[in-house]
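These values consider heavy atoms only, across backbone and side chains, with no hydrogens, waters or symmetry-generated copies. Within every chain, numbering begins at 1; the chains are lettered A, B, ... in the order of the sequence lines, protein sequences first and strands thereafter. All of these numbers come straight from a predicted model, not from anything done at the bench.
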Amino acid sequence: MDISLLNVIKLLLALLAIIVLLVLNSVVMVWLERKAAGFVQRRPGPYVVGPHGLLQTVADSVKLLAKQIVLPGSSDRLLFLSAPVLAMFPMFLIFLVIPYGPWLTGLEVNLGLLLILAFTGLETLAVIAGGWASNNKYSLIGAARCVSQSVAYEIPLILALLALAFMCGSLDLTVITEAQSGWVWRWNIFRQPLAFFIFVITCFGETNRAPFDLPEGESELTGGYHTEYSGMGFALFFMAEYTSMMLVSFLAAVLFFGGSNGPFINGFWWTFLKMGLFMTFMIWVRWTFPRVRFDQLLNINWKWLLPLGLLNLWVTAVVLKLF
Amino acid sequence: MSNLFVNPFHFSTISENPADMLGDFYSLNFEKGRVDPDSMILNLGPQHPSTHGVLRILAELHGEYVLRAEPVLGYLHRMHDFMGQVKTPYQFLPNTGRVDYLHPVAWNWAYCGALERLAGLEVPERAEYLRIICCELNRIASHVMWWGAFVMDLGGFTPILYAFEEREKINDLLQIVTGSRLTMNSMRFGGMGADLDDRFLQKAADFIPYMRERLKMYDRLVTGNVIFRRRLEGVGPLDEEICRRYGATGPVLRGAGVAYDVRRAEPYGLYDRFDFEIPVAESPDCLGRYLVRLREIEESLKIVEQALARIPAGPYKHPKAPKVSWKPPAGEAYFAVEGGRGKIGIHVVSDGGKSNYRLKLRAPGFSNLSLFAEAARGTLLADALAILGSLDLVIPEVDR
């Protein structure tokens with residue numbers, strides 16, 4: 001990549017667009033999550049502020065912005081305050097490399113997949129920092145759970161995505177998307193169903209969403225790692241959750257559902273539509289299933305997903321070698 | 001609007017005084033019994049989402065494992081027993097509905113029954129039927145609420161809102177007879193406070209098939225769910241022996257495989273005229289207790305159905321029922337009923353004065369909770385909370 005003025009401007013514009021995207025996403029998703037929860041639970045959901053409660057999230061954001069940040073006694077000030085920022089910050093970079101459309105990518109690199117996997121790990125660091133710095137036992141347990149969980153889930157996730165990389169012969173997301181062009185059955189979900197299965201389960205683990213929301217574990221750990229956070233500290237963790245949800249949904253769209261390749265006219269709208277549908281699916285799951293127990297979660301991963309991922313990788317490799 | 005402009009960079013600290021972090025009497029006492037020097041003592045409650053009220057639990061954790069757990073009571077102690085000794089029977093009667101807010105009719109009945117037995121009062125047959133209908137409808141509401149709250153303990157948030165739909169319908173029904181929706185106080189010594197009407201009969205007849213349909217939905221939504229079953233199967237086995245040692249009754253005891261139900265064991269009211277089963281669990285774990293409660297809803301529906309079909313005409317209150325200024329005769333009596341959580345027993349002693357000389361309320365929740373310390377030992381934290389949920393605690397009843 002050559003560093004020219006044009007490229008730098010493009011990069012800055014992309015980052016700006018991503019910030020707008022992430023904030024918009026949080027605003028819309030919080031509303032959608034509440035509405036979907038309301039629909040599942042047969043109640044209207046937010047209804048008062050704005051038409052169909054559309055401005056509820058805006059009102060909540062203002063409230064959270066105005067709220068005082070309370071520091072728990074003898075907490076680690078620096079770590080406590082930097083953890084929410086740390087949770088949010090690496091996300092901006094990840095969204096640079098996602099190919100939203102044929103011409104819509106912030107930064108074209110040929111190691112996009114690797115970059116994404118490397119940066120998603122940083123959110124765990126933020127959770128550990130926040131949980132540790134809070135000087136709260138619930139937060140500490142939540143943080144400890146988060147470590148075991150992300151270690152457990154990242155390996156099958158990597159194995160599943162590695163099978164895709166094998167098949168396309170590249171870590172470049174654009175190449176992976178292009179390999180799925182043509183008709184719907186060229187999508188990776190049909191060519192790599194097992195990898196998709198593993199990917200979906202690990203998605204919930206990665207994003208700490210129900211039924212794998214153990215670091216939060218509301219009924220056991222009250223709020224888990226963000227028990228002590230108030231105001232914007234809490235809001236940033238919240239935004240990080242929705243952002244990582246959007247990230248895995250974009251990944252699902254790009255890696256398994258053909259990205260910008262649609263049944264008809266190709267374009268970035270397909271990526272966004274698929275992303276939206278996958279996020280709705282995640283919301284639907286959250287309001288349907290109870291939470292798994294922690295040892296069960298680790299068992300699912302180490303005893304089932306890891307061997308399955310290895311098997312999938314092995315079969316992919318053999319098939320690629322033979323044909 | 002002024003607090004919108006609070007400086008967001010101003011941080012406050014709750015407490016930097018190390019003396020505040022030493023803990024209170026209970027946690028200091030709990031700390032003395034440490035079994036592992038490396039353990040962490042976790043204080044759950046009294047404000048904790050899983051303790052359903054103001055129950056406090058001190059737990060010694062090793063990683064996720066509970067080495068030792070101890071409930072701390074008394075955050076909702078209101079001295080109901082003593083109030084029964086300083087107030088007249090009629091003054092105390094509304095208190096009984098406040099002892100267990102999920103099954104107030106059973107407490108009403110226990111207190112009325114005890115004093116009726118003491119004074120040898122007669123209850124008209126229609127009133128007995130009314131009591132059974134109200135009590136069983138209330139039991140269904142109580143179990144349904146438990147169902148929702150229990151699944152919420154396991155992390156599934158949606159069922160409790162479905163449970164509230166059923167509870168709403170039952171409350172609409174009970175409102176007609178009892179006049180209230182939460183702390184019902186419909187019974188009087190020697191009968192009921194009000195009669196039911198045609199609207200009630202119509203609504204109740206609609207409710208029974210509706211509830212049966214909903215039970216099928218409960219099974220499809222929750223009971224068959226693989227995550228749910230894996231969370232409960234084999235978790236927190238409570239056998240007959242531990243139930244006997246702690247005096248556990250109700251669905252907890254029936255979950256242990258003992259078909260003990262006060263409605264059968266020492267029939268009161270007209271329960272001996274009704275055809276219903278005492279469900280017993282096949283496995284003594286949390287799933288067993290869960291299934292027992294769901295089957296009890298079905299049995300209660302059967303009882304309500306029979307009662308509605310057979311309810312005789314007549315007065316709902318005995319013509320010679322005592323007035324408000326009533327002084328019960330000297331003597332003592334004990335009356336037990338089957339509440340949603342187990343055996344509710346009221347022992348009343350009277351010296352012929354305006355108020356009772358002695359009153360003892362036996363709350364099933366208290367006995368059921370006592371076995372928690374033993375049952376939770378060695379379990380995972382999430383399992384311990386599942387066990388706690390499966391005991392179906394109502395804290396005002398535990399603390400009284």
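- In this structure, the portion of A:Arg145 lying under 4.5 Å from any heavy atom of chain B is its side chain and not its backbone.
- A:Phe89 CZ: 12 or fewer foreign heavy atoms inside a 6.0 Å radius.
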Under the criterion side chain to side chain contact (heavy atoms under 4.5 Å, CB included), I'd like the reasoning laid out for B:Leu161 against A:Arg42: C-alpha separation, chi angles, the key distance, then a yes or no.
CA-CA 8 Å; B:Leu161 290 143; A:Arg42 299 171 58 156; over 6 Å; no
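- Counting heavy-atom neighbours within 6.0 Å of A:Trp302 CH2, excluding the residue itself, gives a total above 12.
- Heavy atoms from other residues, nucleotides or ligands lying under 6.0 Å from CZ of A:Phe197 number 12 at most.
- For A:Lys137 (side chain) and B:Ile41 (main-chain N/O), a donor-acceptor pair under 3.5 Å exists by modelled atom type.
- Across all their heavy atoms, A:Phe294 and B:Glu64 have their closest contact at CB-OE1, 4.3 Å.
- The environment of CZ in B:Arg230 is sparse: at most 12 heavy-atom neighbours from other residues, nucleotides or ligands sit within 6.0 Å.
- Residues of residues 209-218 of chain B that come closer than 4.5 Å to chain A, counting heavy atoms only, are B:Arg214, ordered by residue number.
- Around the NZ atom of A:Lys35, the shell of radius 6.0 Å holds more than 12 heavy atoms that belong to other residues, nucleotides or ligands.
- Using a 4.5 Å cut-off between heavy atoms, A:Gln296 touches chain B through its side chain atoms alone.
- Residues of residues 381-395 of chain B lying within less than 4.5 angstrom of chain A, judged on heavy atoms, are B:Leu381, B:Ala382, B:Asp383, B:Leu385 in numerical order.
- Taking each heavy atom of A:Val40 and B:Tyr162 in turn, the nearest pair found is O-OH, 2.5 Å.
- Under the 30°/60° scheme for interplanar angles, the aromatic rings of A:Tyr138 and B:His48 are found to be tilted.
- In this structure the side chain of B:Phe157 reaches within 4.5 angstrom of the side chain of A:Gln41, judged on heavy atoms.
- Residues satisfying the salt bridge (Lys or Arg N to Asp or Glu O under 4.0 Å) test with B:Arg56, not counting sequence neighbours, are B:Asp24.
- Across all their heavy atoms, B:Arg231 and A:Arg291 have their closest contact at NH1-O, 2.8 Å.
- Distance alone, capped at 3.5 Å, is enough to place a donor-acceptor pair between the B:Thr158 side chain and the A:Trp287 backbone.
- Of the listed residues (B:Leu44, B:Leu61, B:Val151), the one with the most heavy-atom contacts under 4.5 Å to chain A is B:Leu44.
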Show, in sequence, the C-alpha distance, side-chain angles and deciding distance for B:Val235 and A:Arg293, and conclude whether the side chain to side chain contact (heavy atoms under 4.5 Å, CB included) test is met.
CA-CA 11 Å; B:Val235 169; A:Arg293 207 170 57 205; 3.5 Å; yes
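- Every pair passing side-chain hydrogen bond (donor to acceptor under 3.5 Å, both in side chains) that includes a residue from residues 229-241 of chain A is listed here, sequence neighbours excluded: A:Arg209-A:Glu241.
- With a 6.0 Å radius and a threshold of 12 heavy atoms from other residues, nucleotides or ligands, A:Phe92 has its CZ atom above the threshold.
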